[in-house]
Amino acid sequence: LTPPPALRDSVASRGLGDVYKRQHYVCLGDVVGYNPNPCECIKIVRDMEMPCIMGNHDEYCAGDIDLSGFNPHASRAITWTRDRLSEERERRRKIHDDAEVVDESFQMTHLWFFDIDSGESTRLTSGDFTVSDPQWAPDSSKIAYVTRPTPKVDDSSWSDVWVVDLEGNAELFYENEGPDASPRWSPDGNTLAMASKPQPGNTQWYSKLHLFPADGGEPIIMLDDFDLAFGQPMWARDGQTIYWSTGQGTVTYLFGVYLDSGELTIRRAPVRGANGQWQLSHDGNFWVFSHSDPVRPGNLWFAAREGDGFGPAVQLTEANPWVGQEEVELGKVESVRWTNSDGGTIEGVITYPVDFQEGTQYPLIVNPHGGPSGASMESFSSTNHMFAGNGFLVLQINFRGSSNYGQEHLNANQDNWGIRDYDDIMTGVDYVIGQGWADPDRMVAYGWSYGGYMTFWICLLYTSPSPRDATLSGMPSSG
């Protein structure tokens with residue numbers, strides 16, 4: 001899939017180079033902060049030069065500023081930006097001495113407070129850690145934010161929530177061995193909600209909803225019996241309900257919990273597929289969210305609230321009109337289930353070739369996902385549709401160790417990599433061969449990260465003495 005010439009020319013004229021080669025859609029800018037006055041917003045445009053409202057400063061890199069949000073009174077803003085390079089690293093950069101020792105030095109990100117009226121900026125955090133996800137308290141007196149030791153992805157397992165006032169006085173909000181993330185203030189400012197778990201380190205245990213008094217103290221822990229991931233809490237405007245979005249099987253749903261009773265409310269989404277970036281309107285009457293499904297690339301959608309449900313979903317944007325205008329042929333995509341060697345049910349996503357016909361065997365591509373705690377979803381995949389357009393059948397497997405199926409399934413391949421998950425993959429291969437869809441003499445596997453790891457295992461363990469008497473070549477990218 002490639003954009004039409006008009007879009008390619010438009011991208012090139014904006015100096016964005018070959019971005020269209022990397023994605024089938026183009027984002028010319030991200031709205032990263034908004035004023036409660038709907039007529040005003042701030043946009044950062046990537047890969048283009050534009051004036052910085054905070055100007056230049058000796059302590060931060062102006063090009064790395066992310067304006068996270070105005071305070072509720074719209075006269076102040078918080079930003080998080082990377083610290084400047086040291087003099088030595090800056091000298092090396094200028095002479096193109098770009099050799100790096102991995103994980104030896106980091107450019108940390110810290111919080112700044114910007115007064116719009118005076119134009120003054122003040123640093124709020126400093127130290128040997130990095131900061132993200134700042135959130136204004138409703139009374140504008142303080143900011144909750146997340147820290148971790150370094151910007152490394154794995155260090156999110158050691159994240160903490162802190163609170164800082166506008167004078168830079170910061171305190172650790174919760175003493176906990178496990179990671180804490182996604183702090184969100186209640187509308188009245190009396191409660192701070194966050195996602196937290198007690199297990200330290202890089203574990204696959206689900207986080208739970210924690211509710212704290214705004215000044216700190218012992219939390220109320222909710223959703224103990226909810227056997228799926230809990231992520232970013234979203235408050236209802238009346239402060240009586242918290243919502244969150246998470247995957248269940250091969251789709252994502254919106255969930256809600258009544259704080260008084262602990263009873264779950266919403267358990268679905270207004271439209272099936274991969275949904276995210278949920279935002280509840282200020283009056284609490286409708287949801288705006290991103291949506292992608294197997295035949296529609298990601299766009300913004302709208303759905304009115306109707307009790308604990310939704311009105312009809314309405315598409316608001318059309319980021320890729322050319323897909324419909326050019327009548328691009330797409331393969332059928334659906335979820336399938338089979339039984340593994342231990343008698344358990346495994347689910348996966350299959351993309352059929354364009355013009356698929358029952359009774360015809362097609363070359364099979366097996367694509368294990370990364371993680372291992374990721375999941376393959378019913379979402380738009382330009383890669384899979386490219387394969388489908390060239391006559392391939394694509395199988396993606398949510399093997400044991402995948403998210404979206406409960407804690408037991410998520411933990412099932414711990415200390416067992418390449419064994420139980422391999423069985424789930426190969427019984428899936430057996431399934432599609434048994435259905436008469438896949439040609440056992442024409443099969444290939446590829447994957448990224450843990451998917452690359454599993455591809456190596458498949459190449460090692462899948463040999464010609466098997467009943468299928470075929471070879472399966474791997475194209476792994478592991479890292």
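Bear in mind that the values here come from a model prediction, so they are computed numbers and not experimental data.
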Salt bridge or not between [X] and [Y]? Use side-chain N to carboxylate O under 4.0 Å.
X: D165; Y: K142; value: no
X: R420; Y: D423; value: no
X: R400; Y: D342; value: yes
X: R148; Y: D180; value: no

Practice prompt. Mind telling me whether W338 and Y431 have parallel, tilted or perpendicular rings, with 30° and 60° as the class edges?
Written response: parallel

Discussion item. Whether the side chain of K208 engages the backbone of L223 through a donor-acceptor N/O pair (distance < 3.5 Å, no angle test) should be reported.
Written reply: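 The answer is yes, because a donor-acceptor pair under 3.5 Å joins these two groups.
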
Worksheet item: With Y243, which of Y258, W287, W235, W278 fulfils ring-ring contact (aromatic ring centres under 6.0 Å, His included)?
Response: W287

Worksheet item: Quick one: are the ring centres of F230 and Y206 less than 6.0 Å apart?
Response: no

Discussion item. Counting the benzene-type ring for Trp, do Y453 and W417 have ring centres under 6.0 Å apart?
Written reply: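 Yes; W417 has its ring centre under 6.0 Å from that of Y453.
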
Item to complete: Would you check, one step at a time, whether the test ring pair (Phe, Tyr, Trp, His ring centres under 6.0 Å) holds for W457 with Y422?
Response: CA-CA 8 Å; W457 272 98; Y422 171 80; 7.5 Å; no

Fill in: All side-chain contact (heavy atoms from CB on, under 4.5 Å) counterparts of K152, not counting sequence neighbours
D103, F106, T150, D155

Discussion item. Using the ring-ring contact (aromatic ring centres under 6.0 Å, His included) criterion, which residues pair with Y174? Sequence neighbours excluded.
Written reply: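 For Y174, the residues satisfying ring-ring contact (aromatic ring centres under 6.0 Å, His included) (neighbours in sequence not counted) are F212.
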
Item to complete: Taking ring-ring contact (aromatic ring centres under 6.0 Å, His included) as the test, write out the residues that go with W158, two or more places apart.
Response: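 With neighbours one apart ignored, the set is empty.
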
Worksheet item: Is the number of heavy atoms from other residues, nucleotides or ligands within 6.0 Å of CZ (R268) greater than 12?
Response: yes

Worksheet entry | Stepwise ring pair (Phe, Tyr, Trp, His ring centres under 6.0 Å) check, F255 with F226 | CA-CA 10 Å; F255 292 86; F226 182 73; 5.0 Å; yes

Worksheet item: Which atom pair, heavy atoms only, marks the closest approach of G418 to L461?
Response: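 Heavy atoms of G418 and L461 come nearest at O-CD1, 4.2 Å.
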
